[in-house]
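Presented below is the structure to which this report refers.
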Amino acid sequence: MAENQPRHPFLQGLSKHRGAPPTVVVIFGASGDLTARKLIPAVYNLAVDNLLPADFHLIGYGRKPIPDDEFRGMAADAVKEFSRRELNAEVWGRVAANTTYVAGGYDEKPAFDRLAAHIAEIEKRIGRDVQPLFYISTPPSVFAPILLNLGASGLASKHLGHVHHAKVIIEKPFGKDLASAVALNGTIRSVFQEHQVYRIDHYLGKETVQDLLVQRFANSIFEPLWNRTFIDNVQITVAEEVGVGTRGGYYEQSGALRDMIQNHTMQLLALTAMEPPVSLDAEAVRDEKVKVLKAIQPLRVGPGGDVARAQYAAGLLGGKPSKGYLEEEGIAPVSATETYAAIRLSINNWRWQGVPFYLRSGKRMARRVSEIAIQFKRPPGTLFAEGERFNLAPNTLAFQIQPDEGLSMVLNGKVPGLETRTQPVKMNFRYSTTFGSNTPEAYERLVLDAMIGDGTLFIRGDEAETSWRLYTPVLESWAAAKREGMDSYAAGSWGPPSADELLSKNNHIWRKP
Ligand code: BG6
């Protein structure tokens with residue numbers, strides 16, 4: 001194995017042996033929401049778990065001038081408000097002692113030179129090289145200037161050729177269609193080599209998403225059944241109870257297809273449907289993901305097609321009245337942005353031909369739940385024909401990604417009594433009961449993996465483009481149709497009738513998660 005490709009965490013588990021080399025993490029967009037909610041708490045929790053290198057430095061970078069002390073105060077407040085564990089003064093003190101702030105524009109080369117000098121000064125002070133890890137957590141409009149300035153200032157190639165060289169993490173959204181994703185990949189490649197690049201999809205950092213690979217490939221009972229002979233359909237749901245809240249400005253440019261389907265649900269699909277990789281190395285896993293994404297048939301749009309879109313209308317959430325999307329702050333009254341999308345996919349390969357994969361994601365749905373449900377074919381009805389005495393459900397293996405993380409299996413069992421009656425019963429494995437509930441947040445795993453140089457849980461450039469290739473025609477067709485064909489669903493419900501129709505053509509119904 002190459003020196004800069006460490007063994008994957010699935011093989012070795014999270015242990016202190018996964019120690020990262022001396023690192024300076026530079027966060028672009030340091031006063032932003034994501035930094036406070038996720039990034040600073042992730043760094044803090046890595047410090048609590050002793051997973052940060054002894055020489056760890058954090059630099060916030062942003063347009064607004066902020067004194068170092070004030071930035072440290074903001075970071076401490078972020079830990080207090082958003083960390084899964086309480087702020088421990090001693091641990092935080094160690095992080096804060098090496099936390100500084102650099103003010104500068106994203107298109108201002110001299111500011112990047114200042115940043116480079118600041119990093120060089122840290123190296124001089126501690127007497128050793130540190131690998132820079134740039135985290136681009138800004139609005140996408142400044143991704144390109146940041147990347148280009150990292151190139152122009154020499155920061156992108158710092159320590160290149162050594163094991164611990166400069167790396168860059170790029171937040172979503174990775175483009176808004178195929179052309180913009182290709183352009184962004186072009187800019188990235190003009191400055192960084194692919195092995196330095198970590199495109200984030202935070203769903204890959206979730207414990208249960210990683211568990212999907214373990215369940216699939218560390219157990220022998222699933223693989224023989226994991227194909228068109230035994231599986232009837234697969235349903236992937238990422239439902240949210242929240243609406244757009246104050247993010248109307250962003251969401252209007254995005255919508256459910258770009259925000260959730262093209263990235264998060266497609267990642268769940270790729271891990272569910274890919275062939276077993278030859279190893280758990282980043283390239284082996286990502287090769288298989290790209291292969292299965294390429295086998296997906298183009299989507300048909302329009303009446304009788306493979307896609308449905310809708311906006312939430314007023315409704316009831318937890319018994320309380322809830323506004324419709326068009327009444328939300330910052331939303332155009334004639335907005336054609338979908339808050340819900342459902343897709344029927346066909347994967348044209350030996351394993352999956354003829355097995356529909358259904359994806360759905362929406363805001364303001366009945367409850368927050370993300371799951372992957374594998375529905376098996378029904379048994380022949382010769383002995384227990386469905387009817388009054390025999391209440392039968394298709395066997396379903398459901399990976400519950402969140403909340404209440406776990407795995408369940410629906411079987412049909414006999415109801416105790418002298419008469420033979422059947423009823424679906426559920427076998428449950430729950431993380432919280434087996435392992436306790438304080439699991440690491442996705443960003444902790446991802447920041448650590450990037451520091452170590454493990455790209456398995458990040459999106460490769462060709463992977464992002466393959467997914468956009470599938471969805472760009474749908475987005476174009478929706479943009480041209482404006483509101484025509486836009487369905488609606490009551491806030492607090494499970495989605496619109498058009499999504500049910502997608503399934504009813506194959507005599508399927510959405511599972512109630
Ligand atoms: C983000 C989307 O990527 O994922 C948000 O932009 C969404 O709109 C969020 O709410 C959901 O993430 P999670 O981890 O809460 O399921």
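Both ligands and their constituent atoms are indexed starting at 1 by order of listing.
- The main-chain N or O of D259 is found under 3.5 Å from a side-chain atom of K172 such that the two form a donor-acceptor pair.
- The aromatic rings of Y443 and H202 sit parallel to each other, their planes meeting at less than 30°, with 60° as the upper class boundary.
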Tabulated below should be the N or O atoms of ligand 1 paired with protein N or O atoms at under 3.5 Å; can you produce that?
from, atom 1, to, atom 2, distance (Å)
ligand 1, 3 (O), K172, NZ, 2.8
ligand 1, 3 (O), H264, NE2, 2.8
ligand 1, 6 (O), K172, NZ, 2.9
ligand 1, 6 (O), R247, NH2, 3.0
ligand 1, 6 (O), D259, OD1, 2.6
ligand 1, 6 (O), D259, OD2, 3.4
ligand 1, 8 (O), R247, NH1, 2.8
ligand 1, 8 (O), D259, OD2, 2.6
ligand 1, 8 (O), K363, NZ, 2.7
ligand 1, 10 (O), E240, OE1, 3.4
ligand 1, 10 (O), E240, OE2, 2.5
ligand 1, 10 (O), K363, NZ, 3.2
ligand 1, 12 (O), H202, NE2, 3.2
ligand 1, 14 (O), H202, NE2, 2.8
ligand 1, 14 (O), K206, NZ, 2.6
ligand 1, 16 (O), Y203, OH, 2.5
ligand 1, 16 (O), Q402, NE2, 2.6

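- Pairs passing the ring pair (Phe, Tyr, Trp, His ring centres under 6.0 Å) check and including a residue from residues 462-500, sequence neighbours excluded, read Y340-Y489.
- Within the 4.5 Å cutoff, the side chain of V355 has no heavy atoms near those of the I347 side chain.
- Here the side chain of W352 pairs no donor or acceptor atom with the backbone of V292 at under 3.5 angstrom.
- A salt bridge (charged side-chain N to carboxylate O under 4.0 Å, His left out) with E463 holds for exactly one of K291, K289, K294; it is K289.
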